[in-house]
2 protein chains.
Amino acid sequence: MSDTSPKFRRETAEQRKDDLIQATLSLIAEHGVRGATVRAISKRADVTQGLIRHYFSTKEDLIAAAYEHHMGCMTELTSASTDFASLSPIERLSAFVAASLSPPVVDPSSVVVWASFLNKVREDERMQKMHEQTYYEFRDRLEGLIKATLEEADILVSTKDLRRMAIASNAVIDGLWLEGGALPTAFEPNELPEIGLESVGAIIGLKLKITAGSS
Amino acid sequence: MSDTSPKFRRETAEQRKDDLIQATLSLIAEHGVRGATVRAISKRADVTQGLIRHYFSTKEDLIAAAYEHHMGCMTELTSASTDFASLSPIERLSAFVAASLSPPVVDPSSVVVWASFLNKVREDERMQKMHEQTYYEFRDRLEGLIKATLEEADILVSTKDLRRMAIASNAVIDGLWLEGGALPTAFEPNELPEIGLESVGAIIGLKLKITAGSS
DNA sequence: TCCGTTTTTATACAAGTGTATAATTTCGAA
DNA sequence: TTCGAAATTATACACTTGTATAAAAACGGA
């Protein structure tokens with residue numbers, strides 16, 4: 001009998017890379033970076049370990065790609081919340097804060113993955129750059145939203161104060177996000193976004209409302 | 001010739017354990033958890049690797065002990081800032097916030113060590129307990145300081161609001177601490193404690209002043 | 001001075017790690 | 001239908017890992 005069933009399928013490079021990245025992220029989420037070995041990754045992605053090296057010249061390359069992907073997802077999830085033309089500046093800011101402090105952004109796996117990468121940031125220069133970029137991107141976005149909100153309310157602030165408001169707001173969000181992911185049982189549902197809106201409101205001197213829009 | 005110089009010295013159990021813990025922490029700070037291998041640890045502590053197993057039944061035991069030590073140091077450093085009988089409540093709170101956002105609490109190594117451990121928290125139950133305890137200890141301390149400050153200013157708040165103020169203040173501090181450690185170049189000197197005091201002040205509705213006391 | 005406890009070293013081992021290389025298999029183009 | 005380039009597998013290798021065990025050395029009490 002001739003071999004009827006193919007022993008494997010050839011996939012596009014894009015597809016395979018994505019499979020490997022997903023496998024890597026899920027393993028890191030479950031068992032930390034330690035669990036993301038080439039063998040475990042290839043097994044979860046249903047390929048042999050040799051394939052990893054075919055698409056990523058080294059394991060660190062795969063890790064870096066996974067980091068970039070993860071961060072990209074997080075940024076996208078939060079940014080999407082403000083993409084409604086109908087929203088006023090204050091509603092935009094509120095939606096942004098609320099989205100950053102609700103699932104799926106707030107999630108134990110996300111925090112673990114993020115913390116795992118933080119260690120590598122020191123050794124790997126690429127990751128250092130990515131880390132900085134992600135941070136500044138988020139903070140600049142926040143600063144823009146705060147600026148628009150204050151302008152609409154006819155409140156004047158110096159550049160320095162605006163910068164500090166953004167740093168502080170970023171910090172509250174980061175802190176709450178972190179604690180919500182690391183200690184899921186420590187907070188009641190909706191408590192995180194509520195506290196986040198109150199705090200950012202207090203920092204910029206306005207009352208932020210919860211927008212019922214986001215699912 | 002008889003052997004005049006001893007080949008090694010016997011130390012107390014306490015001393016040796018501490019040496020091993022310090023070696024572990026410094027290695028994690030430099031190269032992440034990956035760098036903290038039994039061989040690297042024993043080499044840095046100037047002993048042979050067999051000694052680790054003599055004092056810690058397993059490597060995870062040593063890691064857990066190092067975690068406990070690190071967290072204890074951080075808690076101690078911040079708590080010490082309020083230990084002056086002469087301080088008023090608002091000065092106590094201010095000193096606490098400022099100390100949490102200044103060196104040596106804010107430090108790249110501290111953050112890396114902390115993040116490294118965060119991964120292990122999920123797997124190891126002991127570490128999970130320690131993590132929760134450290135968090136609640138810090139937050140409760142903060143809540144107590146906020147309560148005393150508000151009482152002195154004759155401001156009444158509900159239990160719920162007090163709790164939320166503590167959570168939010170904790171989050172700003174954590175966020176700023178994290179960013180200060182992870183991105184040391186992103187902030188000017190003294191910017192972190194200043195922003196921290198402003199933010200916590202905004203959250204609890206009072207102006208916090210920088211106490212010139214702590215060096 | 002000598003001895004016994006226990007600290008410390010020395011060495012070995014099995015399992016797991018990332019990487020390299022060659023042999024297969026697939027699948028579209030000729 | 002054939003053929004060749006590229007994807008995928010298969011296998012091997014050198015190295016590091018944590019752990020186990022026995023031998024050696026130190027040092028206080030007799």
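Below, chain A is the first sequence line, B the second, and so on; all start at residue 1. FYI, side chains are in, hydrogens and waters are out, and symmetry mates aren't considered; it's all heavy atoms of this structure.
For the contact set between residues 45-60 of chain B and DNA chain D, defined by any heavy atom under 4.0 Å, the members are B/Q49, B/R53, B/T58, B/K59.
No side-chain N or O of A/D124 forms a donor-acceptor pair with one of A/Q128 less than 3.5 Å apart.
What separates CD1 of A/I63 from P of C/dT17 is a distance of 13 Å, to the nearest Å. Remark: P of C/dT9 and CG of B/L20 are 10 Å apart, rounded to the nearest angstrom. When the P atom of D/dA26 is taken as reference, atom CD of B/Q15 falls 19 Å away, rounded to whole Å. Distance, B/H31 NE2 to D/dT16 C1': 16 Å, rounded to whole Å. Separating the CG atom of A/D19 from the C1' atom of D/dA7 is a distance of 14 Å, rounded to the nearest angstrom. Remark: P of C/dT17 and CZ of B/R34 are 10 Å apart, rounded to the nearest angstrom. Computed from coordinates, the A/R39 CZ to C/dA20 C1' distance equals 12 Å when rounded to whole Å. Between A/L27 atom CG and C/dG18 atom P there is a gap of 11 Å when expressed in whole angstrom units.
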Please list every donor-acceptor pair under 3.5 Å in which a side-chain atom of residues 180-192 of chain A meets a protein atom from a residue at least two apart or in another chain.
{"from": "A/E191", "atom 1": "OE1", "to": "A/E188", "atom 2": "N", "distance (Å)": "2.8"}
{"from": "A/E191", "atom 1": "OE1", "to": "B/R163", "atom 2": "NH2", "distance (Å)": "2.8"}
{"from": "A/E191", "atom 1": "OE2", "to": "B/R163", "atom 2": "NE", "distance (Å)": "3.0"}
{"from": "A/E191", "atom 1": "OE2", "to": "B/R163", "atom 2": "NH2", "distance (Å)": "2.8"}

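Using a 4.0 Å heavy-atom cutoff across all strands shown, A/R16 reaches sugar-phosphate atoms only and no base atom.
A side-chain hydrogen bond (donor to acceptor under 3.5 Å, both in side chains) with B/R141 holds for exactly one of B/T82, B/N170, B/T78; it is B/T82.
Note on residues 47-70 of chain A: pairs passing salt bridge (Lys or Arg N to Asp or Glu O under 4.0 Å), not counting sequence neighbours, are A/E60-A/K120, A/D61-A/R126. The side-chain hydrogen bond (donor to acceptor under 3.5 Å, both in side chains) pairs that include a residue from residues 20-37 of chain B are B/Q22-B/H69, B/S26-B/R44, B/E30-B/R44, where partners are two or more places apart or lie in different chains.
Residues forming a side chain to side chain donor-acceptor pair (under 3.5 Å) with A/E123 (at least two apart in sequence, or on another chain): none.
Minimum heavy-atom separation, A/S100 to A/F138: OG-CZ, 3.8 Å. For the residue pair A/L27 and A/A36, the shortest heavy atom distance occurs at CB-CA, 4.3 Å. Annotation for A/A166 and A/E143: closest pair CB-CB, 3.7 Å, computed over non-hydrogen atoms.
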Atom pairs under 3.5 Å: protein N/O with N/O of nucleotides 27-30 of chain D:
{"from": "D/dC27", "atom 1": "OP1", "to": "B/R10", "atom 2": "N", "distance (Å)": "3.4"}

